[in-house]
Structure formats: C-alpha cells, structure tokens
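Here the structure is laid out as structure tokens; the discussion comes afterwards.
What you see below is based on every heavy atom in this structure, not just the backbone, and it leaves out hydrogens, waters and symmetry mates. By convention here, the first residue in the shown sequence is residue 1.
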Amino acid sequence: MINVTLKDGTIKEIEQGTTVLEVAKMLSEGLARVACAGKLNNKLVDIREKIEQDSQLEILTFNDEDGKWAFRHTSAHILAQAVKNLYPNVKLAIGPAIENGFYYDFDSEKHFDEKELTKIEAEMKKIVKAKFEITTFELPKDEAIKKLKEMDEPYKVELVEELPEGERITFYQQGDFIDLCAGPHLLNTKSVEAFKLLSCAGAYWRGNEKNKMLYRIYGTSFNKKADLATHLEQLEEAKKRDHNKLGRELKLFTTDENIGQGLPLIMPKGARIIQTLQRWVEDTEESRGYLLTKTPNMAKPDLYKISGHWNHYKDGMFVIGDEEVDSEIIALRPMTCPFQFSIYNSDQHSYRDLPVRYSETATLCRNESSGEMHGLTRVRQFTLADGHIICTPEQLNTEFKEAVDLIIYLMKTMGIDKEISYRFSKWDSNNTEKYINNPEAWEKTQSIMKEILDELELDYVEAEDEAAFYGPKLDIQFRNVHGKEDTIITVQIDFALAERFDMTYIDSEGKKQRPYIVHRSSLGCYERTLGMLIEKYAGAFPTWLAPVAVKVLPISDKCADYAQEVVAELRRKKIRVEADYRTEKIGYKIREARMERVPYILVLGLDEQEKRTVNVRSRQRGEEGEASLDEFVARVANEIQTKYNYHDDITNEFAK
C-alpha cells in the first residue's frame, strides 16, 4: 500500500499501481466522469498513469488549465484522424493544444480551404459520435521508428530519431487511427462534442523557414456547447477589432510585398499617432531626469562581441557581409545598450554623477522568422522607447521602482493599464548556451529583483528560462483581441555588461567600482503600441491621440470661407483638424466622419457663420447643438492637454 496526498491535504491509502482514474472514482463517480488528466508530483500525467509510490496527486478537469490542455490535445487527435480518413496520403507533423484551442500541421498536396474545413469538421463529428475508446501503448525506440516507417509518417520518424536511447515513447490509438504522442488524452472521443475549426495557415516544419511549408489547421473546443458559442461570439468581436484589419481600413498603416514581410508602412494618420506618443514620452522622460541620446543604426561586430550579443543573439541580427570574405562587416543594431554604454565610457564618472539615465527613440532591426510576424505586433524594423540607467548598488532599488512607476503612468494615461500583467523572467541554470554562466550572480540578482517586485506589490508570475542572457527581467505582458499574450515592455537588471564594457565610477573613497545597469523601455515598441491602441479603442482613439480630433463640415460652398476660419483657429491651438469641402449631402459627410471615428464633428451652415458658432456632434454625447467657437476650441484644447479619456463606455459601439 502507498499514500496519496490530494490537493486539499487529504491523505488516501491506495494499492501500488492504482491509476489516476481509479483514484478519481474512489473520490466520486462524477469526478471520474469529468476527469481529463492528473498532476502527479507536480507533473502533468495521463489519467491512465499508474501510481507506484507515495505521491501528491491532483485530479484535473476542464476547469483547470492543464485539464483544458488534455481535452484540446484529444481534439487535435480527432482532427488528425478526420484528415487521415478523408485524405489518406496526408503526412502528420505535430498537433498540440494551445491557449483557447488546438492545431495540427499536415503535409498535404490538397489545399485546405473553407470548403475542406467544413468536410473535415463533419468527419470529426462522426468520430466523436463513434465514441472510440482511446488507448495507449509504448514501444522501444527502434520498434517505434520501424512502426512509423511502416505507417509512412516521416515527420514522426524524425522526431523519434532525435530522442535519446531509453526515452519513454508512447502511442495513442482511437479506432484504427494511431499517432505518436506523449499525451495526456481523454478516455474516449465522445466528450469532445463542442468544437469548431477556425482557420488554416501556412507553417514551416519546426518553425524553420528552410524547411517545408505545411498546412496548419486551427480549432477550438469546449466541454459545453454554450461555452463554445460564447467563445465564437468573442472571436467575431475580436475580428472587428483586429488591428491588422482595422488599421488598414482606417488608413493607419499598410504593407507592400515589394518592400517585404514585417516592414509595415505607417501612413500619415498612423504616423501622427506615433509622433504624438513619441513627443509625450520624450518630454515625460526628460522631466524624470533622462538624458536623450542618438546613436548609429549599425556597428561593427566588435561592439556586439564585447556585449555578448554576437554569441548569444547573432541569429536574430541582420549582418551585412561575410566574416570569412569581407574585410569590413556591419550589423544593424537589435538594441541600443552597447551604444549608450560607449557614451557613458566617453567620460569619467563620480558616484555623485550617478544615476545616469539615458533614453533614446531608437530604430531597431531584428531578424524575426516569417512565421512569427503579424501586422504591427511582430515586425523586423521597429521604433523602441529605449533606455538604460547606470547606478550604484544603493540606488538600484529606487531606480528600478521609478522605471516601473514611469511605465505604469504611461499605461494608465493610454488607458491600457487594466490589460497588462507582469512576469518575473528568470534564467535556466541548465541552459549554459543561452545565458552567461555565473550562477552566483544570477541567484543574487534574481533575489534582488524578487525583493523589489514584492515591495512594489505587483501581482506577477514567475517564468523559468525567459530572462535576458545577462540578467533577470520584469516583463509587462499584454493580450491582444485574439487572446495571444506578448511581452510589450521589459525592465532588466544587468550584472554582467558593466564588466564587459569596463564601466566604472569613482566611489566616495576614491576607488573604482562597477555600477549596476537597468535596461528598460518606457512605452515599448511604438508600432506595437499603435496596434494595441487600435484594438483597445476599436479605432475610436481618445481626442489627444486621434489623428484627426475635429472634422469640419460646411453645408455648402457659401460657408467655405467660415469653415477655413474655424480650421485656422483650431490649428492655432494645435488641434488636429480636417475639413470636408465636397459638394456631397451633409448627412453623407457626417456618416463618413463617424466611420472614421473622429471625436468631434462640426457642422457649419449660414446660421453658424452669422453668429460665429459651431454645431457640435461628439462621440461622447452625440448631437450637442450650438456652441461658441471660442468655447469649443478651449474645451478640445483642454481635453488634449489633460489627455482626458472617456472612451471606455463608447468604444464598443464602434466595434459593432
């Protein structure tokens, strides 16, 4: 007999070799019916897993994230079985569960379009209705390879060949369908009734663009049909807010295949938003003691070799020339830190000079893989609100906190503070290729950062193997309308590069000391921020950010001169304004202006011209009626100056 400690602390005595499912049945038949997987000694396992020693056990259902993962992993296998039933010559690649769904990659000569997805979905329903029992078996490596070759599954063969000898190799079978898989899976196919195939996209095998392009079919599944219906409604809402679609419709940005993937063209209205943000950020940073720098967009490899980027990050850089052939090699910069460190080293510094805070609006280039790029979220050239703080050990706590305070202020002002979350990203001591191998420095620096984060009372999660190669970081995370999470801003404590660049300061006793360095962005990437704001506000930006704050609509040519006077007065107060002098009907021009999400529309007729007033329509209040020109100008100018934001309650209207 052995003991199993359950989630609530209860200890249950069971026979050695009892499965996770059998333990669930001992607790409740109802629990056993909805069990999706188990967590045995904090490791995700199949519900068929046997318990051989005293252990901690948690029974997972669809209400648990790992339970959802097992449920959706089974959904991916049902998808694969349906595709193989319909197209036997298709080769299987990988099919994991992902957040809010699943996908499977296929090597197929058949083009999977909307029509094919409908057929595949119908076949999946047959598999679910058949209620196939899902069983599992293991094979030694040589037998697994032999079986997969007999099945004519070359991608699976490749995966197994790379496994070390003695590795546990498992297969799962449902009906006559067999797939190489580590699991876990449900007991049968009947539970997956609420599912939907969503889309198909290209995906390189193993994410490498040098490999073959495969078809990736995405889907989602739930344990209740009502939850699936709700999720599909949310997806439709997300499509309407998707910055990649809406940003083009509002003429904020575009792309051109002759220019290249991941290189968006920011159009005048989008550029105006970015310019507004940039001026605001630079002014705010200056008020907080930052010194503006402007550094080159490229450098010799020597600089990156000192910093370590050449060894740790070269694959992510654009390098011009070949070291073995060319006498001079240049690399486009993926970050500004080594450049700003060079500025610091151009002069000697006393402890009285510190902290030194450098900031820069920097154009950076990173060689993102084609499969990763999307709209403004992941691009190859971007503009970063970058910066570095060089400080004494005594100043580190305060400087880190103030860097976070700046970020929170900017996020709140933009109205996206409720959409962000925090991640404490740490190193992996086993990954010596990715990180500087100095365990003592890592442990000390991570301890310092954790203490600071706890003092800030941030609600953060910890993540292993997500640090920068030179130190731990606080990642500010943002979810887009599709639920995908991205890191938008980082604050990092660097224990290594000061030594690599021989950065020093003279302390109070006249001795040279190494400073600490805080790498930080304040706003993140401007292009990505534009995409976030498009989705947040469904294109209906706050007045201070709107590319056009006021649209002036004269009713007829007789009012054109007065319209020009109104435009001139607004521009004198630095209010962004456009006028529509077309001879279209006024109702048509109003509808167009509303579709452009303009905060204020001014209708000017002969009556307004005579009284020097404006007829106001606003997104906040609708038709407001007449107001004096001076009063209206003062109101909008104040709204812009204070960065007033009333849009949370009206954004949904424009997403419909």
Looking only at side chains, do [X] and [Y] share a donor and an acceptor under 3.5 Å apart?
| X | Y | result |
| --- | --- | --- |
| His111 | Tyr215 | yes |
| Gln477 | Thr487 | yes |
| Trp427 | Glu464 | no |
| Tyr87 | Glu109 | no |
| Asp107 | Tyr155 | yes |
| Tyr313 | Asn367 | no |
| Asn85 | Glu123 | yes |

Donor-acceptor pair, distance only, cut-off 3.5 Å: does the side chain of [X] make one with the backbone of [Y]?
| X | Y | answer |
| --- | --- | --- |
| Arg528 | Leu376 | no |
| Thr189 | Ile127 | yes |
| Ser55 | Leu57 | no |
| Glu15 | Gly17 | no |
| Arg241 | Glu535 | yes |
| Ser447 | Glu443 | no |
| Glu133 | Asn188 | no |
| Thr136 | Phe171 | yes |
| Glu13 | Asn3 | no |
| Thr220 | Asn100 | yes |

Please determine if [X] and [Y] form a salt bridge, counting it only when a charged side-chain N lies under 4.0 Å from a carboxylate O.
| X | Y | result |
| --- | --- | --- |
| Glu193 | Lys129 | no |
| Arg479 | Asp486 | no |
| Lys434 | Asp428 | no |
| Glu368 | Arg378 | yes |
| Lys156 | Asp179 | yes |
| Glu466 | Lys426 | no |

Does [X] have any salt bridge (charged side-chain N to carboxylate O under 4.0 Å, His left out) partners at least two apart in sequence or in another chain, and if so, which?
| X | result |
| --- | --- |
| Glu138 | Arg168 |
| Lys119 | Glu116 |
| Asp242 | none |

Notebook entry, point to check: ring pair (Phe, Tyr, Trp, His ring centres under 6.0 Å) between His73 and Phe102: does it pass, once the steps are laid out?
Noted result: CA-CA 7 Å; His73 197 183; Phe102 58 90; 9.9 Å; no
Next item on the list: Any pair with a residue in residues 67-79 that passes salt bridge (Lys or Arg N to Asp or Glu O under 4.0 Å), sequence neighbours left out, goes on the list, sorted by first then second residue, please.
Entry: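 For residues 67-79, and leaving out neighbouring residues, the salt bridge (Lys or Arg N to Asp or Glu O under 4.0 Å) pairs sorted by first residue read Glu65-Lys68.
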Notebook entry, point to check: With sequence neighbours left out, which residue pairs that include part of residues 73-88 fulfil the salt bridge (Lys or Arg N to Asp or Glu O under 4.0 Å) condition?
Noted result: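 Residue pairs passing salt bridge (Lys or Arg N to Asp or Glu O under 4.0 Å), neighbours aside: Lys84-Glu153.
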Quick one: list whatever passes side chain to side chain donor-acceptor pair (under 3.5 Å) with [X], sequence neighbours left out.
| X | value |
| --- | --- |
| Ser425 | Arg423, Asp475 |
| Lys401 | Asn397, Glu455 |
| Asp405 | Arg288 |
| Glu162 | Arg206 |

Check: Quick one: side chain to side chain contact (heavy atoms under 4.5 Å, CB included) partners of Asp459, sequence neighbours excluded?
Finding: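 Partners of Asp459 under the side chain to side chain contact (heavy atoms under 4.5 Å, CB included) test: none.
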Checklist line | Other residues, nucleotides, ligands: >12 heavy atoms within 6.0 Å of Lys412 NZ | finding: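 No, not enclosed.
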Quick one, [X] and [Y] - any side-chain contact, counting heavy atoms below 4.5 Å?
| X | Y | result |
| --- | --- | --- |
| Leu235 | Leu198 | yes |
| Trp69 | Ile98 | no |
| Ile493 | Leu396 | yes |

Next item on the list: Quick one: do Gln81 and Gln174 satisfy side chain to side chain donor-acceptor pair (under 3.5 Å)? Show the steps, please.
Entry: CA-CA 8 Å; Gln81 183 178 6; Gln174 52 199 48; 2.9 Å; yes
Please report the closest heavy-atom contact between [X] and [Y], naming both atoms and the distance.
| X | Y | value |
| --- | --- | --- |
| Val192 | Phe71 | CA-CZ, 4.0 Å |
| Phe424 | Met449 | CE1-SD, 3.4 Å |
| Ile534 | Gly247 | CD1-CA, 4.0 Å |
| Ala467 | Lys473 | C-CE, 3.7 Å |
| Phe106 | Leu214 | O-CB, 3.4 Å |
| Lys240 | Leu246 | O-CD2, 3.9 Å |

Next item on the list: Can you sort out the partners of Tyr435 under ring pair (Phe, Tyr, Trp, His ring centres under 6.0 Å), two or more places apart, ordered by chain and number?
Entry: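 For Tyr435 the ring pair (Phe, Tyr, Trp, His ring centres under 6.0 Å) partners, ignoring immediate neighbours, are Trp442.
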Check: Going by the side chain to side chain donor-acceptor pair (under 3.5 Å) test, which pairs reach into residues 18-33, not counting sequence neighbours?
Finding: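 Of all non-adjacent pairs touching residues 18-33, those that pass side chain to side chain donor-acceptor pair (under 3.5 Å) are Thr19-Glu22.
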Next item on the list: I would like to know whether Tyr460 and Asp454 meet side chain to side chain donor-acceptor pair (under 3.5 Å); could you show each step before the answer?
Entry: CA-CA 9 Å; Tyr460 64 88; Asp454 289 341; 2.8 Å; yes
Check: When you look at Lys141 and Glu165, which way does the salt bridge (Lys or Arg N to Asp or Glu O under 4.0 Å) test go after all the steps?
Finding: CA-CA 7 Å; Lys141 182 175 179 179; Glu165 292 297 331; 3.7 Å; yes
Checklist line | Test log, rule salt bridge (Lys or Arg N to Asp or Glu O under 4.0 Å), inputs Glu150 and Lys147 | finding: CA-CA 5 Å; Glu150 290 172 354; Lys147 182 168 187 63; 5.4 Å; no
